[in-house]
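Here's the structure we're looking at; comments come further down.
Atoms within a ligand are numbered from 1 in the order they appear, just like the ligands themselves.
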Amino acid sequence: MVVKIGVMDSGVGGLTVVEKLSCAIPDAQIIYYGDSGNCPYGNRSRTEIIQLAQKVIQFLQEKEITFICIACNTISTVIKELEKSCSIPLLSIVEPVAHYLATSLKPESIGVIATMDTIQSKVYPQMIHAENSEVHVVGQGSATLADLIERGEFNGDMINHEIEEEMTKLLAQTAMKEVVLGCTHYPIVLDHFEQCFPQITFINPAIYQAEAAKRQIHIIDSLKKNQLKPIIYTSGDVTTFEKIVTKLNISIQDQVKNK
Ligand code: DGL
């Protein structure tokens, strides 16, 4: 039996989750939807984010998936509202990394860089403090970084400039060794973060979401031992998707589809 996993994001960012998922669970069929036609979500109201996400969930549910990885921190901030009208499990990208930080890494202080919405929602401090109130959590929002990456401008100076500006504000808040890339678009330019701030260890929540997805599949042993390639849909332009699929070295089925 082939398990189908839906993966959704506002755009190309969730491909960083597809990258980790297809390594962690190569036998599952990943069906991805990136809502690039409506990206970025990160500066929108909660009501708008809920309405847009519900449409994507409906599209994925028609593909008969078993559960959905919300490969977007911004959408994960409204997961409780989305669960009310969804009949299959939704996996947050924030919860697994928050659990890792609170119970395994247990840093004195941790920084989170993310969209404005994710920082304002306080989802990271809330989830970490639910398990460990000793960790000092500070955050910094960027209104433009996800959008720059979405437009495929990840080789330009503008990306480095925005990373330097927002990371400097984050690091000024307190001393820290690790920073969470709290927007799934950001690991696409992990090389830029590491180049600008080599003293910091950057944490990619996709790794912990992929592990959570693997645990979700209780029937993993009965899966066919096939390597199934992800199927990628977007409501926007396919060009940036193709560029990032190549950059992340993801082997996909057919071409990126416009839907
Ligand atoms: N990739 C999304 C996230 O993880 C945000 C991008 C956007 O603003 O739409 O938050």
Exercise for the section: Classify the angle between the aromatic ring planes of Phe59 and Tyr233 as parallel (below 30°), tilted (30 to 60°) or perpendicular (above 60°). Expected result: perpendicular
Completion exercise
closest protein heavy atom to atom 10 (O) of ligand 1 is Thr74 OG1, 2.6 Å
Handout entry: Whether over 12 other heavy atoms sit under 6.0 Å from Gln255 CD
Key = no
Practice task
Could you list which atoms of ligand 1 come closer than 4.0 Å to a heavy atom of Ala146?
Solution key: 6 (C)
Exercise for the section: Give the residue, atom name and distance (to 0.1 Å) of the protein heavy atom nearest atom 8 (O) of ligand 1. Expected result: Gly42 N, 2.8 Å
Problem - Proximal ligand 1 atoms for Asn73, defined as those under 4.0 Å from one of its heavy atoms - result: 3 (C), 4 (O), 10 (O)
Handout entry: Under-4.0 Å salt bridge between Glu81 and Arg46
Key = yes
Handout entry: Atom indices of ligand 1, in the order listed, that fall short of 4.0 Å to a heavy atom of Cys39
Key = 9 (O)
Handout entry: Ionic contact status for Lys169 with Glu166, cut-off 4.0 Å
Key = yes
Fill in the blank from the handout: side chain to side chain contact (heavy atoms under 4.5 Å, CB included) test vs Asn73 passes for just one of Thr118, Leu181, Val123, Asp117, namely Thr118
Completion exercise
Closest non-hydrogen contact found for Ala206 with Thr16 is CB-O, 3.6 Å
Handout entry: Asp191 bridged to Lys247 by N-O distance under 4.0 Å
Key = yes
Handout entry: Over 12 non-hydrogen atoms of neighbours within 6.0 angstrom of CD in Gln173
Key = yes
Completion exercise
If you scan protein heavy atoms around atom 6 (C) of ligand 1, the nearest is Ser10 OG, 3.4 Å
Problem - Where ligand 1 meets Tyr41 - atom numbers and elements under 4.0 angstrom, heavy-atom basis - result: 7 (C), 8 (O), 9 (O)
Completion exercise
Taking only non-hydrogen atoms of Asp9 and a 4.0 Å limit, the atoms of ligand 1 in range are 1 (N), 2 (C)
Exercise for the section: Could you tell me whether some N/O pair between Thr118 and ligand 1 is separated by less than 3.5 angstrom? Expected result: no
Practice task
State whether the shortest distance between N or O atoms of Thr115 and N or O atoms of ligand 1 falls below 3.5 angstrom.
Solution key: no
Practice task
Work out whether the distance between some heavy atom of Cys72 and some atom of ligand 1 is less than 4.0 Å.
Solution key: yes
